[in-house]
Amino acid sequence: LLTCGDYASGTYNAMTIGWGSIGRMWQKPFVHVVVRPSRYTFQFMNQYDSFTLCVFPPQYQKALQLLGSESGRDGNKIARSGLTPIASQLVAAPGFDEAELIIECRKIYWQDFDPAHFLDPKTEELYPSGDYHRAYFGEIMAIFAADARYAGERK
């Protein structure tokens, strides 16, 4: 689950993602995520300088399906999902209490996909509306595992 915005002000949105990567870039640990301009989360990714990635146990599949298929423009889908937003430790974007892993990230780069650079012609088939993703790189600021939650803090 990708979440961006500001927990303290209550201004944030989340969406389920399936594309991305994790690695090292510019001598920093980083994640790479992509968001289409048509997604409500896109405006949050452009406005705020941080985001979180949360990994959930299988029992939250239904909540993740809702968060990936409905828009936050149409109402409070996070509340309908039954998940519990929590303040992050190092970034403004929230994590979720039910997550078994939370990665807190600070944006360090973005780039719009350019179809002229697709080397595999089949890639274009993924964009019938021409709504090419914007790629975001986030420096990993912290990673917290759920097992620490039961000891009273995240590690």
Side-chain angles (χ1 to χ4, degrees), residues 1-56 58 60-81 83 85-96 98-145:
L1 189 67
L2 166 67
T3 307
C4 188
D6 179 42
Y7 177 78
S9 70
T11 308
Y12 52 87
N13 195 58
M15 65 179 263
T16 303
I17 61 172
W19 295 357
S21 60
I22 188 167
R24 191 155 176 82
M25 187 74 181
W26 302 315
Q27 302 176 342
K28 299 174 185 199
F30 90 111
V31 296
H32 161 246
V33 297
V34 294
V35 180
R36 291 181 192 259
S38 58
R39 296 299 299 256
Y40 186 50
T41 301
F42 186 80
Q43 72 184 42
F44 292 88
M45 288 295 287
N46 290 332
Q47 182 177 355
Y48 294 94
D49 67 355
S50 67
F51 61 92
T52 61
L53 295 174
C54 293
V55 178
F56 293 84
Y60 295 101
Q61 183 64 34
K62 191 171 185 174
L64 295 175
Q65 188 173 22
L66 180 141
L67 291 168
S69 62
E70 294 189 19
S71 175
R73 286 184 192 100
D74 302 328
N76 191 341
K77 68 178 185 176
I78 295 173
R80 285 195 322 275
S81 76
L83 298 179
I86 58 173
S88 293
Q89 293 193 19
L90 300 177
V91 301
F96 287 87
E98 296 82 1
E100 56 189 7
L101 186 73
I102 299 175
I103 304 173
E104 296 184 8
C105 303
R106 178 182 63 90
K107 283 190 323 190
I108 57 173
Y109 179 77
W110 66 266
Q111 177 71 46
D112 292 329
F113 279 10
D114 181 347
H117 297 172
F118 293 156
L119 301 178
D120 181 349
K122 291 192 176 279
T123 303
E124 185 67 37
E125 295 173 12
L126 299 170
Y127 298 95
S129 304
D131 58 339
Y132 303 103
H133 285 95
R134 176 168 285 176
Y136 298 91
F137 286 11
E139 177 183 5
I140 297 172
M141 305 303 293
I143 300 175
F144 300 100

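None of these values were measured; they are calculated from a predicted model. For reference, positions follow the sequence shown, starting with 1.
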Which distance, rounded to the nearest 0.5 Å, do you find between the [atom1] of [X] and the [atom2] of [Y]?
| X | Y | atom1 | atom2 | value |
| --- | --- | --- | --- | --- |
| His133 | Leu126 | NE2 | CG | 8.5 Å |
| Ile108 | Asp49 | CD1 | CG | 12.5 Å |
| Leu64 | Ser81 | CG | OG | 8.0 Å |
| Met141 | Glu104 | CE | CD | 9.0 Å |
| Phe113 | Asp131 | CZ | CG | 11.5 Å |
| Cys4 | Met15 | SG | CE | 11.0 Å |

Does Ser88 use its side chain to pair, donor to acceptor, with the backbone of Ala93 at less than 3.5 Å? yes
*asked:* For the backbone of Pro94 and the side chain of Thr52, can you confirm whether one donor and one acceptor N or O come within less than 3.5 Å of each other?
replied: yes
Does the distance from a Lys or Arg side-chain N to an Asp or Glu carboxylate O, for Lys77 and Glu70, drop under 4.0 Å? no
Using the ring of each side chain (for Trp, its six-membered ring), is [X] parallel, tilted or perpendicular to [Y], with breaks at 30° and 60°?
| X | Y | result |
| --- | --- | --- |
| Phe96 | Phe56 | tilted |
| Phe44 | Tyr40 | perpendicular |
| Tyr132 | Tyr127 | tilted |

Checking Val33, Leu1, Leu67 against Ile17 for side-chain contact (heavy atoms from CB on, under 4.5 Å), the one that qualifies is Val33
Can you confirm whether Tyr7 sits close enough to Pro85 that some side-chain heavy atom of one is under 4.5 Å from a side-chain heavy atom of the other? yes
Specify the closest pair of heavy atoms between [X] and [Y], including all atoms of both residues, with the distance to one decimal.
| X | Y | answer |
| --- | --- | --- |
| Ala142 | Leu90 | CB-CD1, 3.7 Å |
| Ala92 | Asp6 | CB-OD1, 3.5 Å |
| Val34 | His32 | CG1-NE2, 3.7 Å |
| Thr3 | Ala14 | OG1-CB, 3.4 Å |
| Cys105 | Val91 | O-CG1, 3.7 Å |
| Thr41 | Val35 | C-CG1, 4.4 Å |

Got a sec: does the CD of Gln65 have more than 12 other heavy atoms crowding it under 6.0 Å? no
- What do the steps show when you test Trp110 against Met45 for side chain to side chain contact (heavy atoms under 4.5 Å, CB included), and what is the final call? CA-CA 10 Å; Trp110 66 266; Met45 288 295 287; over 6 Å; no
For this session: I would like to know whether Tyr109 and Phe137 meet ring-ring contact (aromatic ring centres under 6.0 Å, His included); could you show each step before the answer?
Result: CA-CA 5 Å; Tyr109 179 77; Phe137 286 11; 5.3 Å; yes
The salt bridge (charged side-chain N to carboxylate O under 4.0 Å, His left out) partner of Glu139 among Lys107, Arg24, Arg106 is Arg106
